[in-house]
Amino acid sequence: MVVERRCHKPSSLSLNRDRQRHPVFSYPAGSKFVAQELQGRCYHPLTQTGRGAALRHHTHAPEFASSRSLGRGWAGLLLFLVSMLVGSACRAEQPFPLFGPAAQEPSLTTYKAAPGEQAPQSYAELNAWLAQRTQVPQVSMLGGSFWLVSPFSPTQRDSDWVVAFDNTYYGHAHIVVLGDDGLHQTFDTGSDLGTSDVPRGAAAVTLAPGHHYAVIIHVTSTFFTAMPRIDVQTRTQFRKRRINESALMLGSLGVLFGLGVFILFVGLWIRDRSYTLYGCQALILVLGWGFFFDLPQTWLGISTGPINFTQWFILLPVVHARFTIRFLDLWRHAPQMARVGHGIVAASIIALPFSLFFPSLAFLIATFAVSIIVFYSACMGWWALVRGVRRARFFTLAYMAVVIPGMIILPVNFGLVPSAVDNADLLTLMGNSCEAMLLAFALADHVKLVEDGRERFRRGMQEAIAKASIDALTGLGNRLAFNVMIEEITRRENSDPAQGTWQIAMIDLDGLKLVNDSQGHERGDELLQKVGEGLARLGDLIRAFRLGGDEFAVIAYGDELSQQRLARSLAELDKSLCESDFLGAGVSYGICSAPVDQRRFSNADFAELVREADRSMYAHKSRRRMERVAEQPLPEVGSGD
Ligand SMILES: Nc1nc2c(ncn2[C@@H]2O[C@H](COP(=O)(O)OP(=O)(O)OP(=O)(O)O)[C@@H](O)[C@H]2O)c(=O)[nH]1
């Protein structure tokens with residue numbers, strides 16, 4: 001039974017074009033549905049053989065405990081790296097000239113300095129002057145006033161030399177260079193004065209080969225960051241070295257600053273606290289190192305008063321600990337450790353004013369604060385890495401970049417072992433830049449992991465929807481799939497109206513109850529499957545659904561001829577069922593079609609089509625019933641007894 005509902009004249013567009021416009025039909029009809037795209041609200045059905053098929057092999061893998069063996073591999077590699085580097089640094093007999101030609105490092109004797117004491121005026125007075133001094137083993141890390149004396153003789157036949165007083169932060173140094181050739185040269189340097197060279201504390205002197213000289217330094221500082229050192233180098237060598245050091249210092253600061261600003265901006269933009277904390281952390285490091293190298297005074301002429309680099313480093317754990325907690329999600333995975341992190345934050349906040357009131361302790365507090373936070377973050381990263389947390393890979397690597405120089409430098413700073421490198425501060429700054437870069441990688445890696453997780457979730461949802469859209473018995477789409485397809489068609493037609501004819505057939509299976517009751521439910525299921533198979537074979541541009549029970553529907557697209565073909569196919573299916581051994585089986589159906597020609601289709605239009613097809617199907621069914629009744633032999637008339 002075919003009921004036609006014409007809207008406009010039918011189209012004559014080619015099938016290929018129609019297929020392009022309606023890719024939903026370009027897969028074999030009757031196969032299972034896979035929802036391909038769940039982008040917010042809209043998704044469209046595809047079949048098993050389409051793109052959706054590739055999705056089936058995807059598995060869900062939670063990030064935690066996903067790759068423990070991989071994590072242990074990384075951890076082992078890092079441990080090996082650290083032990084190699086620290087071991088070779090400790091074996092070094094002389095400081096390794098990392099940043100340029102090695103300098104002469106004449107030995108340095110330290111004496112206590114008293115107020116009002118003057119340096120000797122000539123080399124000849126030196127011995128008598130030294131006899132009046134009280135020698136001490138080394139400068140106190142908590143600051144004070146000291147005399148540092150270092151005799152030396154130039155080892156090269158060169159007259160242009162540079163004497164540099166470095167390896168430590170100091171407030172004010174008055175440096176006197178005396179020689180047995182009558183040389184008497186003085187210069188003042190130090191953070192309190194606003195030095196003009198970066199890094200601080202170098203002066204050019206003219207030395208005659210074969211003569212003896214001495215550097216006498218009167219240094220006063222609230223604290224020292226390491227044991228002071230005097231470097232004597234020819235000017236050419238010194239220039240090379242200073243260019244290298246300055247370039248590396250500025251490069252490292254530039255990396256920190258660039259990463260800090262960029263990631264802070266990204267964090268504020270996407271409102272992600274990890275990024276914001278990371279950006280702040282990098283910028284605090286820039287300020288800390290900038291103050292360490294006296295850049296505000298040297299470049300900007302700003303006097304920083306009681307504020308020095310230490311306050312920035314004490315502030316660092318406040319953001320650093322929170323970044324670690326957030327990035328590794330410690331509140332969820334290790335709440336005790338997250339509490340420890342918050343303890344570090346609180347301790348740093350308390351220590352900040354303390355460092356201003358007790359300036360000589362400021363560096364020790366800063367060293368302690370930085371060591372604790374680096375140790376905490378490295379341990380947390382390590383802990384997470386061993387548990388297979390993928391995002392901890394670059395994170396742990398980043399902390400190795402500061403732990404390695406830290407392990408080499410800290411014992412040197414406290415005078416416990418001889419210096420292994422010639423500019424420990426710069427090495428630490430470079431370690432910080434590497435750390436910042438690796439943490440930026442860690443954030444990028446994290447973004448990728450989040451994106452992967454989102455993709456897995458999306459695919460999981462697609463699979464779930466696909467499963468929920470399939471009728472398990474027949475493999476046809478179910479009522480959900482039917483509704484989705486109608487929505488999809490209306491959406492497509494509205495955005496890109498086509499020319500053609502939409503046909504909907506409503507089909508009801510006859511005799512299922514009889515088969516169930518007389519031949520058993522299994523035979524009833526077989527009958528349903530047979531109908532499903534028959535409908536699935538109807539044609540390329542036809543999709544069949546089992547709406548529930550013994551109700552089926554077909555949506556087809558084509559021209560008038562295809563509509564007639566659909567009616568013929570359903571009639572053949574009915575015939576084959578009637579001739580089968582399923583008792584009283586057959587199909588009743590009604591087809592309704594709506595030609596479209598640049599016409600907007602709504603859900604209501606389709607609902608109307610479905611209703612009309614339904615009405616026509618019931619008409620067909622009742623007519624078949626009447627026919628059957630008519631075919632039955634009339635009951636015999638009583639014999640009249
Ligand atoms: N075997 C089987 N039976 C089902 C299934 N779903 C529904 N049924 C049964 O199918 C029967 C449908 O009953 P009716 O609607 O009267 O079906 P019918 O015998 O074809 O009669 P008409 O549709 O009125 O022509 C009910 O007894 C249901 O319990 C199924 O998945 N498998």
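Both ligands and their constituent atoms are indexed starting at 1 by order of listing. When a residue number appears, it is its place in the shown sequence, counting from 1.
Of the heavy atoms in N516, only side-chain atoms (C-beta onward) come closer than 4.0 Å to ligand 1. With a heavy-atom cut-off of 4.0 Å, V515 does not touch ligand 1 at all. Contacts with ligand 1 closer than 4.0 Å are made by side-chain heavy atoms of R546 only, the backbone lying farther away. Residue contacts with ligand 1, taken as heavy atom pairs separated by less than 4.0 Å, involve D550 solely via side-chain atoms from C-beta onward.
Note on ring orientation: taking the six-membered ring where Trp is involved, the planes of Y278 and F323 are tilted (angle from 30° to 60°). Classification of the W502-F606 ring pair by plane angle, with boundaries at 30° and 60°, yields perpendicular.
Protein heavy atoms come within 4.0 Å of atom 9 (C) of ligand 1. Checking atom 17 (O) of ligand 1 against the protein gives a heavy-atom contact under 4.0 Å.
The pair D329-R332 meets the salt-bridge criterion, with a side-chain N (NZ, NE, NH1 or NH2) lying under 4.0 Å from an Asp/Glu carboxylate O. Between D574 and R624 there is a salt bridge, with a side-chain nitrogen of the basic residue lying less than 4.0 Å from a carboxylate oxygen of the acidic one. Salt-bridge annotation for R459 and E455: present, with a side-chain N of the basic residue lying under 4.0 Å from a carboxylate O of the acidic one.
Under a cut-off of 6.0 angstrom, the local environment of CZ in F257 is sparse, with at most 12 non-hydrogen atoms contributed by other residues, nucleotides or ligands. Within a 6.0 Å radius of CZ in R615, other residues, nucleotides and ligands contribute more than 12 heavy atoms.
For atom 13 (O) of ligand 1, the closest non-hydrogen atom on the protein side is K513 CB, 4.0 Å. The nearest protein atom to atom 2 (C) of ligand 1, hydrogens excluded, is given as D525 OD1, 3.3 Å; this is a heavy-atom distance. Of the protein's non-hydrogen atoms, the one nearest atom 30 (C) of ligand 1 is L528 CD1, 3.3 Å.
Atoms of ligand 1 lying under 4.0 Å from at least one heavy atom of L509, given by number and element, are 20 (O), 23 (O). Those atoms of ligand 1 that come under 4.0 Å of a heavy atom in G524, given as number and element, are 1 (N). Every atom of ligand 1 with a heavy atom of G549 under 4.0 Å away is listed here by number and element: 6 (N), 7 (C). Listed by number with element, the atoms of ligand 1 under 4.0 angstrom from any heavy atom of D510 are 20 (O), 25 (O).
Summarising the contacts of atom 11 (C) of ligand 1 with D508, L527, L512, the nearest heavy atom is found in L512.
Side-chain rings of W383 and H333 stay apart, their centers remaining 6.0 Å or farther from each other. In this structure, F395 has its ring center under 6.0 Å from that of F327.
Residue contacts with ligand 1 include R625, since one of its heavy atoms falls under 4.0 Å from the ligand. Within the structure, the closest approach of K621 to ligand 1 falls below 4.0 Å when heavy atoms are considered.
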With salt bridge (charged side-chain N to carboxylate O under 4.0 Å, His left out) as the test, would you mind laying out the steps for E533 and K530 before giving the verdict? CA-CA 5 Å; E533 280 162 23; K530 192 173 163 64; over 6 Å; no
